[in-house]
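Beneath this line is the structure, given in structure tokens, with notes to follow.
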Amino acid sequence: MSKEITARAEDYSKWYNDLVVKADLADHSAVRGCMVIKPSGYAIWEKMQQALDKMFKDTGHVNAYFPLFIPKSFFSKEASHVDGFAKECAVVTHYRLKNDGKGNIVVDEDAKLEEELIVRPTSETIIWNTYKGWIQSYRDLPILVNQWANVVRWEMRTRLFLRTAEFLWQEGHTAHATAEEAVEETRRMLDVYADFAENWMAVPVIKGVKTANERFAGAIDTYCIEALMQDGKALQAGTSHFLGQNFAKAFDVKFAAKDGKLDYVWATSWGVSTRLMGALIMSHSDDHGLVIPPKLAPTQVVIVPIYKGDEGLAKVSEVALQIKAKLQAKGISVKYDDRDTQRPGWKFAEYEMKGVPVRIAIGERDLANGTVEVARRDTLEKETLSITDLENKIEHLLQNIQDNLYKIALTRREEMTHRADTYEEFKKLLDEKGGFIYAHWDGTSETEEKIKEETKATIRCIPLNNVQEAGVCIYSGKPSTQRVLFARAY
RNA sequence: CGGGGUGUAGCGUAGCCCGGUAUCGCGCCACAUUUGGGAUGUGGAGGUCGUCAGUUCGAAUCUGGCCACCCCGACCA
């Protein structure tokens, strides 16, 4: 099977689409805007889930599951929340089909739902309606719940993983007695996301706060992690919201404090989605295919035998299987590909396309020398190593690849991060270089809107721990106290 | 929902202007020779030409409707 993908330099967007399909991660489905996540893609998502789930548990959270359907009336209880999602909701209106007598299956108009159901675009409403029954006293708090689920947002334009009508995610929903505690939780989970992005995905991120325009519908503050892709466009990789008492008020969730006074509960919500797959793919991959950091690679090492005849394969396999066992004993996931239906060169290209971090080739010549050929996917370098102590060398190599991928991504981001002091300079940077641009902003939504209309760049975030620096807004010339992070975004 | 484009075998395509039952490559199946970077040869299977209707002796080809998908805009994790 000969496979080729469009080069990044030629058409980045086409490169991404080709890659997702050719690396067997996902496909378009029969349903418009929805994707089929194939086993190779889902295996990576499962690795992400495992790592994140452990991080959530380690920070005291527990998993639960809430319904896919939300009564329409719940939705209208929080005004800005409705505004934010109303335009992209799928609605269930009937509960039965029937045969129309001419062989067609049609909706049974007699089976109209008394109250229409919304397919969840996010679960705040159904969860806060539920929390009302769980919370009476400060003793019931905090509630630290996460759910892994699918959600639906009826998008006009979709792209595999980056934006699909249905996607998989996790959403954490917590309830607290005080604002301070809720803010602390919001920030804690932001840190968890940043930790995951950098240490597992090898994707450097900038933590920050969204402006009012970009804030989650119904939140007081939205925190985010922003990553920069190879083409210079930003990608929001995760969000954590401080919801204040907005949902508690909408759903009348009060608790009795120690002093007996009743108060509304403070809330947070936070989520990352299969969009992370897009971030992962676009951060490291090259024109040969996918590059996956070892810590998220479903298969970390593949062993390819090179041999002549059945007898040759038997000899090579004996040694290869010993190597496999030693690597597995180290906790490394290994695949020994001894299929005789494909030739070695074909397998090399195939595993490069699929992003397996390390490839070991072992042939009869190696048997004589006590060596193997080791190829690393990140740099495509090959070297011949002695079989002695190979498992330790591979273990180090995997760590080295993980570190190297992060370092390269970080260097690239730094090279693509600029400062602009005038609007002219800003526009020039956007058109010629792209990337992140630090610039002064007067803090108004009007200015932000204007800049967005004129340049398609948005304020990705106001970075946390931002350096305070007097300046003037690049657009309005009004005074500003700090630079904010602009970029064109996915 | 506006503007542009495309639908022919699993995938990519030729044929369409000028109507006569479909071309080529990859992949697939069998056998043989092969195996240190996507092997080669020989033989073979696979198509209601997106769909519905119209024109015609005859439609992939001409006409009209519908559907789907892609790209560009408005909306978004």
Side-chain angles (χ1 to χ4, degrees), chain A residues 1-5 11 13-14 17-18 21-22 27-34 83-89 121-122 150-171 193 210 213-217 219 222 224-227 234-241 269-279 288-289 304-313 316 337-354 359-369 371-375 380 382 384 452-453 456 458 460 489-490:
Chain A
M1 198 191 302
S2 142
K3 287 178 176 172
E4 273 183 18
I5 54 178
D11 186 340
S13 163
K14 198 154 188 287
N17 290 336
D18 283 357
V21 173
K22 297 270 170 65
D27 255 334
H28 291 282
S29 72
V31 183
R32 180 199 181 93
C34 294
D83 288 347
F85 289 107
K87 286 163 290 181
E88 49 187 30
C89 284
T122 179
N150 59 337
V151 286
V152 169
R153 296 182 189 175
W154 213 262
E155 300 289 350
M156 298 302 286
R157 291 189 59 194
T158 59
R159 292 192 68 192
L160 295 173
F161 291 119
L162 294 174
R163 179 168 297 109
T164 46
E166 178 193 18
F167 56 94
L168 306 184
W169 78 345
Q170 59 68 215
E171 45 181 326
Y193 288 156
K210 287 289 189 192
N213 279 350
E214 302 280 324
R215 198 178 288 152
F216 173 73
T222 288
C224 63
I225 51 172
E226 290 286 328
L235 182 81
Q236 177 177 301
T239 49
S240 184
H241 315 288
S269 68
W270 29 274
V272 294
S273 71
T274 35
R275 183 178 232 203
L276 287 180
M277 292 287 293
H288 298 273
V304 177
I306 294 156
Y307 58 92
K308 288 184 171 51
D310 289 346
E311 215 175 291
L313 176 59
V316 172
D337 187 354
D338 62 350
R339 287 177 299 171
D340 64 355
T341 50
Q342 311 294 356
R343 301 171 77 255
W346 189 93
K347 292 178 187 173
F348 292 176
E350 183 69 6
Y351 290 113
E352 267 162 26
M353 181 63 77
K354 293 202 164 187
R359 179 186 75 231
I360 297 175
I362 175 163
E364 294 180 73
R365 205 187 302 156
D366 289 307
L367 296 185
N369 301 335
T371 58
V372 292
E373 181 191 80
V374 175
L380 296 170
K382 291 189 282 197
T384 302
K452 184 178 176 182
E453 275 170 33
K456 295 196 176 106
T458 48
R460 302 317 305 154
Y490 276 98

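- Between A60(B) and U51(B), the two P atoms lie 11 Å apart (nearest whole Å).
- Residue L235(A) is classed as having no contact, given no heavy-atom separation below 4.0 Å to the nucleic acid.
- Summary of the strand contacts: D340(A) and L380(A) both lie near RNA chain B, and taking for each the nucleotide with the nearest heavy atom, the more 5' one is attributed to D340(A).
- Taking the C1' atom of each, U13(B) and C1(B) are spaced 33 Å apart, rounded to whole Å.
- Atom P of nucleotide A39(B) and atom CD1 of I306(A) are separated by 13 Å, given to the nearest angstrom.
- Between the CZ atom in R159(A) and the NE2 atom in H28(A) there is a gap of 9.5 Å [rounded to 0.5 Å].
- Counting non-hydrogen atoms under 4.0 angstrom, Q236(A) reaches the backbone sugars and phosphates but no base.
- Using the six-membered ring where Trp is involved, Y193(A) and W270(A) have ring planes that are perpendicular, over 60° apart on the 30 and 60° scheme.
- When distances are taken from the side chain of A361(A) to each of U35(B), G36(B), C75(B), the shortest belongs to G36(B).
- The side-chain tip of R359(A) points at the ring of F348(A) from less than 6.0 angstrom away and within 45° of straight on.
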**Complete:** Secondary structure of RNA chain B per the Watson-Crick/G-U criterion (both distances under 3.5 Å; [ ] crossing, | other strand, . unpaired) is (((((((..(((.......[...))).((((((.....)))))).....(((((..]....))))))))))))....
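- Between the side chain of E364(A) and the base of G36(B), no donor-acceptor pair of N or O atoms lies under 3.5 Å.
- For K87(A) and C1(B), the NZ to P distance is 17 Å, given to the nearest whole Å.
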Nucleotides 66-71 of chain B: which of its N/O atoms have a protein N/O under 3.5 Å away?
{"from": "C69(B)", "atom 1": "OP2", "to": "R32(A)", "atom 2": "NH1", "distance (Å)": "2.8"}

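- Base contact: K382(A) has a heavy atom under 4.0 Å from a base atom.
- Using modelled atom types, no side-chain atom of E364(A) and backbone atom of V316(A) make a donor-acceptor pair closer than 3.5 Å.
- Of the C1' atoms belonging to G25(B) and G46(B), the separation is 16 Å, rounded to the nearest Å.
- The side chain to side chain donor-acceptor pair (under 3.5 Å) test applied to D83(A) returns no partner, not counting sequence neighbours.
- G4(B) and A22(B) have their P atoms separated by 36 Å, given to the nearest Å.
- Under the 4.5 Å side-chain criterion, counting only non-hydrogen atoms from C-beta, L367(A) is in contact with I362(A).
- Side chains of L235(A) and L162(A) form a contact here, defined as non-hydrogen atoms less than 4.5 Å apart.
- Looking at the side chain of D366(A), the nearest of the listed nucleotides U35(B), G37(B), G36(B) is G36(B).
- R359(A) comes within 4.0 angstrom of a base, heavy atoms only.
- The residue among F348(A) and K456(A) whose nearest nucleotide of RNA chain B is located toward the 5' end is F348(A).
- Using a 4.5 Å cut-off on side-chain heavy atoms (C-beta onward), E226(A) and K210(A) make contact.
- Rounded to whole angstrom, the span from the NZ atom of K354(A) across to the C1' atom of G38(B) amounts to 15 Å.
- Counting heavy atoms from C-beta outward, V151(A) and P121(A) have side chains that stay 4.5 Å or more apart.
- Atom name P, nucleotides G37(B) and C17(B): the rounded distance is 50 Å, in whole Å.
- A distance of about 14 Å separates the C1' atoms of U6(B) and C16(B), rounded to the whole Å.
- Separating the CG atom in D340(A) from the OH atom in Y307(A) is a distance of 5.0 Å, to the nearest 0.5 Å.
- The nucleotide whose nearest atom lies closest to any side-chain atom of R343(A) is, among G38(B), G73(B), A39(B), A39(B).
- Between the CD atom of E373(A) and the C1' atom of G37(B) there is a distance of 9 Å, rounded to whole Å.
- For the C1' atoms, the distance from U56(B) to C72(B) is 40 Å, rounded to whole Å.
- Here F167(A) lies in heavy-atom contact (under 4.0 Å) with a base.
- In this structure, T239(A) reaches neither bases nor backbone, as no heavy-atom distance under 4.0 Å exists between it and the strands shown.
- T222(A) comes within contact range of no nucleotide atom at all, as no heavy-atom separation falls under 4.0 Å.
- Comparing G41(B) with U8(B), their C1' atoms are spaced 30 Å from each other, to the whole Å.
- T164(A) places none of its side-chain heavy atoms less than 4.5 Å from the side chain of E155(A).
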